[in-house]
Amino acid sequence: MTSMFAERISDALREAAAELGAAVPSVRLDRPRDTSHGDLASNIALTLAKRLGRPPREIANDLRDRLNGLEGVERIEVAGPGFLNFFVEAAVVGGTLHTILASRDDYGRSDEGAGRRIMVEFVSANPTGPLHLGHGRQAALGDAIAALLEWSGWQVHREFYFNDAGAQIARLAESVWARYQQLLGHDTPVAENGYQGEYVSEIAAAFRDTVGGVHEGDHGPEATEAMRTFAVGMLRDEQKRDLAAFRVRFDEYYPETRLYSEGRVDDTIRALDETGLTYQEGGAAWLRTSRFGDQKDRVMVKSDGSPTYFLPDVAYHMGKWERGFHEVVNVQGADHHSTVDRVRAGLQALGRPRGYPEYLLHQMVTVVRGGEEVRFSKRAGSYTTLAELVSEVGADVARYFFLMRRPEAHLTFDLDLALDQSDRNPVYKVQYAHARLCSLLELARTQFGDAAEAVASADTSLLGTAAEREVINQLAEFPAFLARATSARAPHLICDYLEKTAGLVNSWYQTGHPTRDPSARALVADPALRAARLALAGAARIVLHNGLAVLGLTAPERMER
RNA sequence: GUCCCCGUAGCUCAGAUGGAUAGAGCGACUGCCUCCUAAGCAGUAGGCCCCAGGUUCGAGUCCUGGCGGGGACGCCA
């Protein structure tokens, strides 16, 4: 049924409660797990029992009597300890289908965000190596959250921040330098704390192919700088390619060096000094971040005169605010959680609000292959890359795997399951249900010539079986699930929803199997009933399609084995 | 030592603001192709929801204290 209809019921409930002497701000209606408990249920009588000093069942009976004759409601039952169960007329239930069919690709969208701007910053990998599976989880998560926000009416900016200078990059340049000299026949081992991955040699080879041997034996600053620029450019290109293959795009890539070249870091030091919250100790400049909930004060400028990472971080986020992003979601690995309080404290010192920016910290990814854990270490260069994974299982499966778990739960990525048993993958179940509905609708066109108009004007009150009602009620909940997944920053709720929906659709579909009940099939001879069932099929297809779209997955019209 | 996350079926995990008989997938077992696609469906087995207190009509969910696992606590990034 439409949400408007559910709202009417909850309004009526609220009025009735007020008449009993208990004003409540809003009444929540649930869809009962058990279909014998009706289409909608309320526990309001239970929650009011204490306030009214009366047994909940008595209150429930009272409320029911006041609600009798509500339009579209077939009957109301009082059940269990005092639940009110609403049984809705078939016409109202079926009416949902017309809402969905009319909204099509927009079904589920809302204007909650009212066009306000919001930034989602995610991945933000440093260009020191190819993206690994941890980045993959973050790419899938950030992109899905961004899409959810767009569906809720926000204007979303996807941003990727990267450190293109600093010690790690210097280390990368040194490693490339060593490999480059090796290619020219010198015995120059890569430093122990350097990057050992094979990709470093590839970069060195490409560099040699580009410039030849002009830097042979040359360890001067120009040589290192040339290799740094070359390596960063090459790795960034590779990361962009990997992300493109994963179907993740960014509106902006923001380099750390820009914070320095635009003077933002110096500005931030000045601004912080002006607050009077900074002090000198041991030759370093400190900020009293402990004033704002950080566990201890932090160094902003080291005794050697160089800034700690904290400073550009604050400068970067001040920049976000100044660019007009007063709502920001930072998607980061949980290993960054110690920086959260610090950065927020710095921003608070500069007058930004307490909770700015919002952080979504996700737990790490453990990779399991052949029953044992695959340790991935950037240093050793022995980790599984996102590109490898995507080329083996495809972007759809990879994205779904990364999204199906709550962000704050540890993710065990079983490569054997993803690679070898992909047939049993939940994503295929959802996509298959979609493809099946597509071919059902196609058959209706070719065999019966059923036009879209016939379906659009179908009498959906003909859909009265338990399986049909259950599917329709499930479809009706899609917008609510989207809203919840958005506000909770929890795309996995959509995975759960899609699997449940696909299951109900498949179940409904199978009841019409020739060996079971041919009269329950969709393509029956009776044109009116056929149109009604095709309306259900069409609406279900739309919901599956839209749900997959929000998660960044394709919705194939057919599945080939 | 302090902080964050997790602990639910054999395995991997869902269970929003406390509500009716705790769910799914995988694995095990039993059925179902007379074809709108069986990558599916129906069913069976499998649970002291880590432990102990507390809050209340009611706790997997909230509070306190433990136990176990992971992560973070730099003038690293």
Side-chain angles (χ1 to χ4, degrees), chain A residues 28 30 32-34 37 41 43 46-47 49-50 55-56 79-83 85 126 128 163 166-169 171 256 281-286 295-296 298-304 306-310 312-313 333-341 361-364 366 368 404-414 417 421-429 431-433 435-444 447 480-481 484-485 487-488 490 492-493 495-496 499-500 502-503 505-516 518 521-524 533-534 537 558-561:
Chain A
R28 180 171 145 219
D30 286 313
R33 219 178 285 126
D34 189 332
H37 292 152
N43 66 346
L46 292 142
T47 64
K50 193 170 189 183
F83 289 98
N85 293 335
N126 288 341
T128 53
N163 179 341
Q168 300 297 327
I169 300 292
R171 207 167 289 171
E256 187 192 6
E281 192 180 300
W286 296 69
Q295 283 186 26
K296 50 171 281 198
R298 304 292 171 179
V299 170
M300 9 181 266
V301 184
K302 296 185 245 177
S303 49
D304 67 2
S306 62
T308 61
Y309 197 70
F310 164 74
D313 250 1
D335 54 337
H336 286 78
H337 97 86
S338 62
T339 68
V340 173
D341 286 345
L361 301 180
H362 65 85
Q363 292 294 316
M364 297 287 94
T366 311
V368 176
M404 62 199 253
R405 304 276 125 91
R406 315 163 31 225
E408 58 270 26
H410 195 96
L411 176 70
T412 302
F413 202 113
D414 189 333
L417 191 82
Q421 301 187 346
S422 55
D423 282 11
R424 306 196 178 96
N425 213 298
V427 64
Y428 289 120
K429 177 173 174 169
Q431 290 184 323
Y432 181 58
R436 170 182 274 159
L437 293 172
C438 284
S439 66
L440 184 58
L441 294 162
E442 176 61 22
L443 271 175
Q447 287 187 6
F481 262 85
R484 188 148 69 86
S487 61
H492 76 277
L493 294 175
C495 294
D496 289 346
E499 285 179 52
K500 177 87 188 294
V505 165
N506 286 332
S507 185
W508 165 74
Y509 177 88
Q510 290 286 346
T511 56
H513 193 275
T515 57
R516 300 177 79 182
R521 70 211 307 263
L523 301 180
V524 286
R533 287 178 176 163
L534 287 172
R558 44 184 339 105
M559 301 282 280
E560 311 290 351
R561 291 223 58 165

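Within every chain, numbering begins at 1; the chains are lettered A, B, ... in the order of the sequence lines, protein sequences first and strands thereafter. Predicted, not measured: the structure shown is a model, and the values here were computed from it.
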Report the nucleotide, chosen from [options], that has the shortest atom-to-atom distance to any side-chain atom of [X].
X	options	answer
H410(A)	U34(B), G70(B), A20(B)	G70(B)
N163(A)	C73(B), C36(B), A77(B)	A77(B)
L523(A)	C41(B), C36(B), G15(B)	C36(B)

Quick check on [N]: is either OP1 or OP2 less than 4.0 Å from any side-chain nitrogen or oxygen of [X]?
X	N	answer
K302(A)	C76(B)	yes
R405(A)	C13(B)	no
K296(A)	C75(B)	yes
R516(A)	C35(B)	no
H336(A)	G71(B)	no
T412(A)	C13(B)	yes
R436(A)	A38(B)	yes

Nucleotide [N], atom [atom2] - distance to [atom1] of [X] in whole Å:
X	N	atom1	atom2	answer
M300(A)	C75(B)	CE	P	14 Å
F310(A)	A72(B)	CZ	P	21 Å
D335(A)	C4(B)	CG	P	17 Å
H513(A)	G31(B)	NE2	P	17 Å
M364(A)	C5(B)	CE	P	15 Å
E499(A)	G15(B)	CD	C1'	14 Å
L411(A)	C13(B)	CG	P	7 Å
Q510(A)	G40(B)	CD	P	10 Å

What's the verdict on side-chain contact (heavy atoms from CB on, under 4.5 Å) for N506(A) and K429(A), showing C-alpha distance, side-chain angles and the deciding distance?
CA-CA 9 Å; N506(A) 286 332; K429(A) 177 173 174 169; 4.2 Å; yes
In whole Å, measure the gap between the [atom1] atoms of [N] and [M] for me.
N	M	atom1	value
G18(B)	C62(B)	C1'	7 Å
G60(B)	A16(B)	C1'	14 Å
G70(B)	C50(B)	C1'	16 Å
A42(B)	G23(B)	P	15 Å

By the 4.0 Å heavy-atom rule, please label [X] as base, sugar-phosphate, or nothing.
X	result
G282(A)	base
N43(A)	base
D341(A)	nothing
N85(A)	base
T511(A)	nothing

Check: T515(A) side chain, C32(B) base, donor-acceptor under 3.5 Å:
no
Is there a donor on the side chain of N506(A) or the base of A39(B) sitting less than 3.5 Å from an acceptor on the other?
no
Is the glycosidic angle of C33(B) within 90° of 0, making it syn, or outside that range, making it anti?
syn
[N] pairs with, by Watson-Crick or G-U criteria that keep both distances under 3.5 Å:
N	result
C3(B)	G71(B)
G60(B)	none
G18(B)	none
C33(B)	none
A24(B)	U12(B)
G65(B)	C51(B)
C76(B)	none

With the criterion set at under 5.5 Å between ring centres and under 30 degrees between planes, would A72(B) be stacked on H337(A)?
no
Check for me: is F83(A) stacked on G19(B) by the 5.5 Å centroid and 30° plane-angle rule?
no
So, using side-chain hydrogen bond (donor to acceptor under 3.5 Å, both in side chains) as the criterion, who are the partners of Q510(A) when residues are at least two apart?
none
